[in-house]
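Just so it is clear, the model here is predicted, and its values are computed rather than measured.
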Amino acid sequence: LDLRRPELSTVIGLRHRAPQAARRFLDGQGFWEIETPLLVRPTPEGARDYLVPSRVHPGSFYALPQSPQLYKQLLMVSGMDRYFQLARCLRDEDLRADRQPEHTQIDLEMSFVGEEDVFSLVEGLMAALWRDALGVDVAVPFERLRYREAMDRFGSDKPDLRFDFPIVDVSELAAGSGFKVFEDTVAGGGVVRLLNYAGGGALSRREQDELEALAKRYGAKGLARAKVAQDGLEGGPSKFLAADRQRRLIELAGGAEGDLLCFVADRRETASRALGALRSRLGGEWLQRNPEAAKVWRFLWVTEFPLFERDPATGQVAPAHHMFTMPVEEDLPYLREDPERVRGRLYDLVLNGTELGSGSVRIHRRDVQQAVMDVVGITAAEAERKFGFLLKAFQYGAPPHGGIGLGFDRIVMLMAGRASLRDTVAFPKTTSAASLVDDCPAPVADEDLRELHVRIDPPRE
């Protein structure tokens, strides 16, 4: 490992400067830096916990924290109204290029705030980090999109805004078009959406089939294509479409001669995600051809995510993020009768197609917290057993509060222009969560297991 290599020295410099800049900014805003425990009570927060057996309490376990979520809420209840921490978070989940089993968050929480207060503070923090660590001024305030708008226009809840390629809903034109696939989809409650691939009319049949294969990987049944010609559309569904409908489709898509219109007819979410994957691929290729555009920093707030989602395997309703997020006030009546309709006061900070952090305005009322737990199947007795310390704290007059956890390692990854988190952390784990430096995880001696009251099943040979 040669630390003199330019790319490594850049990363090391950013990992040194950025935390100092964050501390200076937050200290100037009246925040207290408080460390929260690393051995915590196991609680359901989204990912699997890493569990630590207790030697002195046989059969009981600590968990390593997925985040400081419950502790920072308790700090708000206690009257410590501005907290931050460079927190270590550990989650037993499948890895990918921008995910490691352990990571560092710039974690913060404030009392008596709403979304606008969090946005303003975090925008100031990001501006300070980019200025102090990179010498770059970023424009504030950041752009904003509601979750539903982001999915409809870009097919992603973390869209990259450095390129356009919007997704267009053409369901109204598709109905009554004479093309049976389109008509049947709309009649069945689905949608027809399209993406304009500028210059894509020159693609070979094989290349177009590769685009369809990508759409199918994201759930689409197929990808209809039509080339924009001088007098209308050619190929695919165009032979079923009257000339006036063809002109209107080209106009809605912003198409020009030589472009390729790509259609997906399916359920709303499926059509958006399939075309969103196509948009990301086309946008990535466009950025490679336009390196100056790739250097632009496009921050974005995505807001009002669904509070719940339904597990496709079990049909059970589960929190889309975590169960401590306050529902949007006007959606509270739907909590019990139609929970999937409920929006949460959730927000993500996105930069160039990467989620930098998630946050929310938290629940501070015991009745609302219990109602949310009821929706996901946690009984009052189970809630008391798992979260009694938090519910009890709410009885003492918890202030409205909110915050966010910002992925420090992802911030450094983007600042350094790297594509993988493993390039920006010391001693990274592989995709199987193994360490090549010290060869862990590793077996432990049988006597150590006995002392921890742990048995391997089946026993080791």
Side-chain angles (χ1 to χ4, degrees), residues 6-7 10-11 96-98 130 134 136-139 142-143 145 150-168 193-218 220 223-230 233-236 249-264 272-300 350-356 410-421 423-424:
E7 64 270 26
T10 296
V11 170
R96 59 191 187 203
D98 63 352
W130 258 251
L134 291 180
V136 171
D137 291 324
V138 297
F142 300 158
E143 297 173 72
L145 284 174
M151 293 301 300
D152 286 349
R153 288 177 56 191
F154 303 110
S156 171
D157 58 6
K158 48 179 184 291
D160 192 332
L161 300 185
R162 289 174 296 175
F163 49 87
D164 198 8
F165 302 125
I167 297 166
V168 181
R193 293 199 165 141
L194 73 82
L195 181 72
N196 179 23
Y197 186 168
L203 294 179
S204 68
R205 178 59 183 269
R206 179 185 61 80
E207 291 171 322
Q208 291 189 33
D209 288 345
E210 288 176 357
L211 298 181
E212 182 171 19
L214 175 62
K216 286 181 174 179
R217 285 203 298 273
Y218 283 82
L223 184 73
R225 288 95 70 186
K227 179 181 176 180
V228 180
Q230 186 174 7
L233 296 176
E234 292 180 355
L249 283 170
I250 295 170
E251 180 184 339
L252 286 171
E257 186 176 355
D259 291 350
L260 185 70
L261 304 191
C262 302
F263 300 82
V264 171
S272 292
R273 291 192 182 279
L275 287 174
L278 185 59
R279 176 183 181 271
S280 294
R281 171 172 164 170
L282 302 182
E285 294 172 354
W286 183 84
L287 289 172
Q288 289 179 354
R289 299 191 301 270
N290 296 271
E292 289 305 309
K295 298 176 184 177
V296 174
W297 304 106
R298 291 292 297 272
F299 286 91
L300 170 71
V350 176
L351 173 60
N352 294 355
T354 295
E355 176 199 317
L356 289 188
R410 289 185 182 178
I411 289 172
V412 172
M413 180 183 75
L414 293 184
M415 282 182 165
R418 312 299 292 179
S420 171
L421 217 60
D423 294 339
T424 63

Residue set satisfying side chain to side chain contact (heavy atoms under 4.5 Å, CB included) with Arg153, at least two apart, ordered chain then number -> Leu145, Glu149

Next on the checklist: Does the plane of the ring in Trp286 sit parallel, tilted or perpendicular to the ring in Phe165? Use 30° and 60° as the thresholds.
Outcome noted: perpendicular

Residues Val138 and Phe299: closest non-hydrogen pair is CG1-CE1, 3.9 Å

Residues at least two apart in sequence or cross-chain that pass side-chain hydrogen bond (donor to acceptor under 3.5 Å, both in side chains) with Arg289, listed by chain then number, are none

Practice task
Decide side chain to side chain contact (heavy atoms under 4.5 Å, CB included) for Arg193 and Asp152; before the verdict, give the C-alpha distance in whole Å, the side-chain angles of both, and the deciding distance to 0.1 Å.
Solution key: CA-CA 9 Å; Arg193 293 199 165 141; Asp152 286 349; 3.1 Å; yes

Value for CZ (Phe142) from CG (Leu351), rounded to nearest 0.5 Å, stands at 8.5 Å

For Arg298, is there any backbone N or O sitting under 3.5 Å from a side-chain donor or acceptor partner on Asn352? yes

Taking every heavy atom of Asn196 against every heavy atom of Leu194, the minimum-distance pair comes out as N-CD1, 4.2 Å

Report task. Could you tell me whether a side-chain N or O of Arg279 sits under 3.5 Å from a main-chain N or O of Asp164, the two making a donor and an acceptor? Result -> yes

**Request:** Let me see the working for Asp209 and Lys216 under salt bridge (Lys or Arg N to Asp or Glu O under 4.0 Å), right down to the final yes or no.
**Result:** CA-CA 10 Å; Asp209 288 345; Lys216 286 181 174 179; over 6 Å; no

By salt bridge (Lys or Arg N to Asp or Glu O under 4.0 Å), Asp259 pairs with (sequence neighbours left out) none

Smallest heavy-atom separation, Ala274 atom then Tyr218 atom, equals CA-CB, 3.8 Å

Sequence neighbours excluded, the answer for side-chain hydrogen bond (donor to acceptor under 3.5 Å, both in side chains) partners of Glu251 is Arg248

### Query
Okay, side chain of Arg410, backbone of Glu355: is any donor-acceptor separation there less than 3.5 Å?
yes

Worksheet item: Is there side-chain contact between Met151 and Asp157, with heavy atoms separated by less than 4.5 Å?
Response: yes

**OP:** May I ask you to test the Phe163-Glu285 pair for a side-chain heavy-atom distance under 4.5 Å?
**Re:** no

Quick one: does Leu278's side chain get under 4.5 Å of Tyr197's, heavy atoms only?
no

Sequence neighbours excluded, the answer for side chain to side chain contact (heavy atoms under 4.5 Å, CB included) partners of Ala229 is Glu234

Of all heavy-atom pairs linking Arg225 and Cys262, the shortest is CG-SG, 4.3 Å

Between Leu300 and Pro159, the two heavy atoms sitting closest are CD2-CG, 3.6 Å

CG of Leu211 to CG of Leu282, rounded to nearest 0.5 Å, is 6.5 Å

For Glu257, the salt bridge (Lys or Arg N to Asp or Glu O under 4.0 Å) test, sequence neighbours excluded, returns none

- Message: Less than 4.5 Å apart, side chain to side chain, heavy atoms only: is that true for Glu210 and Arg281?
- Response: yes

Determine whether Val228 and Leu233 make a side-chain contact, defined as any pair of heavy atoms from C-beta on separated by less than 4.5 Å. yes

When every non-hydrogen atom of Ala253 is compared with those of Leu261, the smallest separation belongs to CB-CD2, 3.8 Å

- [ ] Look at the side chain of Arg162 and the backbone N and O of Ala294, then say whether any donor-acceptor pair between them is shorter than 3.5 Å.
- [x] yes

Side-chain heavy-atom pair Val264, Leu223 within 4.5 angstrom cut-off
yes

